[in-house]
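Okay, so here's the structure we're looking at.
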Amino acid sequence: MSHIVVPLDQPSSYKDSQNRVDRQRQNDILEKSSTLYVGNLSFYTTEEQIYELFSQCTQPEEGGGIKRIIMGLDRNTRTPCGFCFVEYYTHAEALASLRYISGAKLDERIIRCDLDLGYKEGRQFGRGKSGGQVRDEHRQDYDPGRGGWGAQAQRAEIERRREVEERYADAQEGPGAVAGGGGDWKESEKGSGENPLKRGRSPEDEGDNAKPSRARMDDDAERM
């Protein structure tokens, strides 16, 4: 029955498209590799967190340990973009991490580990058109741990907003535009400091001390 269970310490069938070695040569390298590729990381996971997790499979008493960690970076912004490389000193440590850590949760994400052919300068950068990973180019869901929407969805939203702004600008400047109005009236109101719609006070409003109007004087004369 042992042939039915897939071994947990076996690398996947993934082949790096930018690596020119054939499949047989790749398998030979992986049989001795001490480097792990770690994917599905949160953009906010730190190198210290990765070191703490993956150091649980080290064997320092046998001369092992983590040699270095290379964080995957967005090619344009130089910020973490969801993957890294973990280099051990021994192949056995890499296999132990593949067996026991792959599938574990880190920052509420299930991370994926795979044996790697070995880190080379330049592989720390994402290969997507926007600078990050290719999978984030085509992702249509909202993932807060991976920068929100996928790159294509973000570009589509930016384009939609640009079209809305252009239509709004055309509506303001076109022949059927609605006049803004009120601008001159507001400026004059601010300048005078008074409400131009307010009626001025008449002498009748001033009480007994006010000067009587002409009509009022005529009425008084008739009564006499």
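We use all heavy atoms of the structure for the numbers below, so side chains are in, but hydrogens, waters and symmetry mates are not. Index from 1, following the sequence.
For the pair A94 and S33, the tightest heavy-atom approach, listed with the atom from each and the gap, is CB-O, 4.0 Å. For the residue pair S102 and C113, the shortest heavy atom distance occurs at OG-N, 3.1 Å. The shortest heavy-atom contact between L106 and L53 is CD2-CD2, 4.2 Å.
At a cut-off of 3.5 Å, with distance as the only test, a side-chain donor of D107 or T45 sits close to an acceptor on the other residue. There is a side-chain donor-acceptor pair under 3.5 Å between Y119 and Q124. A side-chain donor-acceptor contact under 3.5 Å links S97 and Y88. A donor atom on one side chain and an acceptor atom on the other are found under 3.5 Å apart for E137 and S130.
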Given salt bridge (charged side-chain N to carboxylate O under 4.0 Å, His left out), test R139 with D136 step by step and report yes or no.
CA-CA 5 Å; R139 183 168 48 79; D136 289 318; 3.1 Å; yes
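For the pair R78 and F125, the cation-pi test (distance below 6.0 Å, angle within 45°) is passed.
Judged by distance alone, with hydrogens and angles left aside, the side-chain atoms of R75 form a donor-acceptor pair with the main-chain N or O of G126 at under 3.5 Å. Judged by distance alone, the side chain of E93 and the main-chain N or O of T90 form a donor-acceptor pair under 3.5 Å. Using modelled atom types, no side-chain atom of R112 and backbone atom of G39 make a donor-acceptor pair closer than 3.5 Å. Of the possible polar contacts, none joining the Q133 side chain to the R127 backbone as a donor-acceptor pair under 3.5 Å is found. When atom types are taken as modelled, the side chain of R123 and the backbone of G118 share a donor-acceptor pair closer than 3.5 angstrom. Using a distance-only test at 3.5 Å, with no hydrogens or angles considered, a donor-acceptor pair links the side chain of T58 to the main chain of S55.
A side-chain hydrogen bond (donor to acceptor under 3.5 Å, both in side chains) with D28 holds for exactly one of K32, Q26, R25, Q24; it is Q24.
Between F43 and T79 there is no side-chain heavy-atom pair separated by less than 4.5 Å. At a threshold of 4.5 Å between non-hydrogen side-chain atoms, the residues I70 and C84 do not count as touching. The shortest side-chain heavy-atom distance between R135 and H138 does not fall under the 4.5 Å cut-off. Counting heavy atoms from C-beta outward, V38 and F54 have side chains that approach closer than 4.5 Å. The closest side-chain heavy-atom distance from L36 to L115 is below 4.5 Å. With a 4.5 Å cut-off on side-chain heavy atoms, F85 and I69 do not count as touching.
Note on ring orientation: taking the six-membered ring where Trp is involved, the planes of F83 and Y37 are parallel (angle under 30°, cut-offs 30° and 60°). Using cut-offs of 30° and 60° for the angle between ring planes, the W149 and Y142 rings count as perpendicular.
In summary, R146 and D141 do not engage in a salt bridge, as defined by a charged side-chain N under 4.0 Å from a carboxylate O.
Note on Y89: it does not cluster hydrophobically with I101, by side-chain heavy-atom contacts below 4.5 Å among ILVMFWY residues. Hydrophobic clustering places L30 together with V21 (ILVMFWY residues linked when any side-chain heavy atoms are closer than 4.5 Å, directly or through intermediates). Connection of I50 to I111 is established within a shared hydrophobic cluster, with ILVMFWY side chains joined at heavy-atom distances below 4.5 Å, either directly or through further cluster members.
The distance from atom NZ of K67 to atom OG of S34, rounded to the nearest 0.5 Å, is 7.0 Å. In this structure, CD on Q49 lies 9.5 Å from CG on L41, to the nearest 0.5 angstrom.
Around CD of E61, the count of heavy atoms belonging to other residues, nucleotides or ligands within 6.0 Å exceeds 12.
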